[in-house]
Amino acid sequence: QVQLVESGGGLVQPGGSLRLSCAASGINFSLRTLGWHRQAPGKQREFVAHITRGSSTTYLDAVKGRFTISRDSAKNTVYLHMNNLKPDDTAVYYCNAARSLFSSTVGPSDYWGQGTQVTVSS
């Protein structure tokens, strides 16, 4: 059974930083594209970042230069390092893993975690 478990969310002031982690069981992260999506209150879920098995990365324009996605294959974990956080970054953040070993993106049909809340507020 595949399970993705996010952690690291919380309340942070504008300009602050957080690191989200997503640990997996029942699946080998090193062979797959991994990613993060988020959903803000009253808004649709949106793509944030992904990293391919070859470590190529893609980011939502709004987070470029502030967020960094990385992976630790030995720990079967993917991270989202978030710096200079803004109130608009407030959302539930979801970790994703591609079902197909040949997919270079992640989306609704792939594996998802349960989400972790990030709130940016003074």
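Remember, predicted model here, so these are calculated numbers, not experimental data.
Note that CZ of Arg71 and SG of Cys22 are 11.5 Å apart. Values are rounded to the nearest 0.5 Å. Asn84 CG to Ser17 OG: the interatomic distance, rounded to the nearest 0.5 Å, is 8.0 Å. Here CG of Leu31 is found 10.0 Å from CZ of Phe102. Values are rounded to the nearest 0.5 Å. Here Gln3 contributes atom CD and Gln114 contributes atom CD; the two are 8.0 Å apart, rounded to the nearest 0.5 Å.
With respect to Asp89 and Lys86, no salt bridge is recorded, no charged nitrogen being found less than 4.0 Å from a carboxylate O.
Across all their heavy atoms, Ala97 and Asp110 have their closest contact at O-CB, 3.2 Å. Taking all atoms of both residues into account, the shortest heavy-atom contact from Ala24 to Leu4 is CB-CD2, 3.6 Å.
Counting only distance, with no hydrogens or angles, the side chain of Asn76 and the backbone of Ser25 share no donor-acceptor pair below 3.5 Å. Looking only at distances, a side-chain donor or acceptor of Glu6 sits under 3.5 Å from a matching main-chain atom of Gly115. With hydrogens and angles ignored, the 3.5 Å screen pairs no side-chain donor or acceptor of Ser73 with any backbone N or O of Ser30. Proximity of a side-chain donor or acceptor of Asp72 to a complementary backbone N or O of Thr77 within less than 3.5 Å is not detected. Side chain of Arg99 to main chain of Ser109: a donor-acceptor pair is present (N/O by atom type, distance under 3.5 Å, no hydrogens or angles).
Considering only heavy atoms from C-beta on, Leu34 stays 4.5 Å or farther from Val106 through its side chain. You'll find the side chain of Arg38 stays beyond 4.5 Å of the side chain of Val118, heavy atoms only. No side-chain heavy atom of Met82 sits less than 4.5 Å from a side-chain heavy atom of Arg66. Contact check for Phe67 versus Leu20: no side-chain heavy atoms found under the 4.5 Å cut-off. Counting heavy atoms from C-beta outward, His50 and Asn96 have side chains that stay 4.5 Å or more apart. Between Phe47 and Thr105, the closest side-chain pair of non-hydrogen atoms is not below 4.5 Å.
Both Val12 and Tyr93 are assigned to one and the same hydrophobic cluster, defined by single-linkage of ILVMFWY side chains at heavy-atom distances under 4.5 Å.
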What's the verdict on side-chain contact (heavy atoms from CB on, under 4.5 Å) for Leu101 and Arg32, showing C-alpha distance, side-chain angles and the deciding distance? CA-CA 5 Å; Leu101 300 182; Arg32 303 170 189 277; 3.6 Å; yes
Apply ring pair (Phe, Tyr, Trp, His ring centres under 6.0 Å) to the pair Tyr94 and Trp112, showing each step before the final yes or no. CA-CA 7 Å; Tyr94 298 90; Trp112 287 67; 5.8 Å; yes
Show, in sequence, the C-alpha distance, side-chain angles and deciding distance for Trp36 and Val78, and conclude whether the side-chain contact (heavy atoms from CB on, under 4.5 Å) test is met. CA-CA 9 Å; Trp36 293 89; Val78 62; 4.0 Å; yes
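Among Leu18, Leu85, Leu11, the single residue meeting the side chain to side chain contact (heavy atoms under 4.5 Å, CB included) criterion with Val120 is Leu85.
Annotation: side chain to side chain contact (heavy atoms under 4.5 Å, CB included) contacts of Thr57 (sequence neighbours excluded): Ile51, Tyr59, Ile69.
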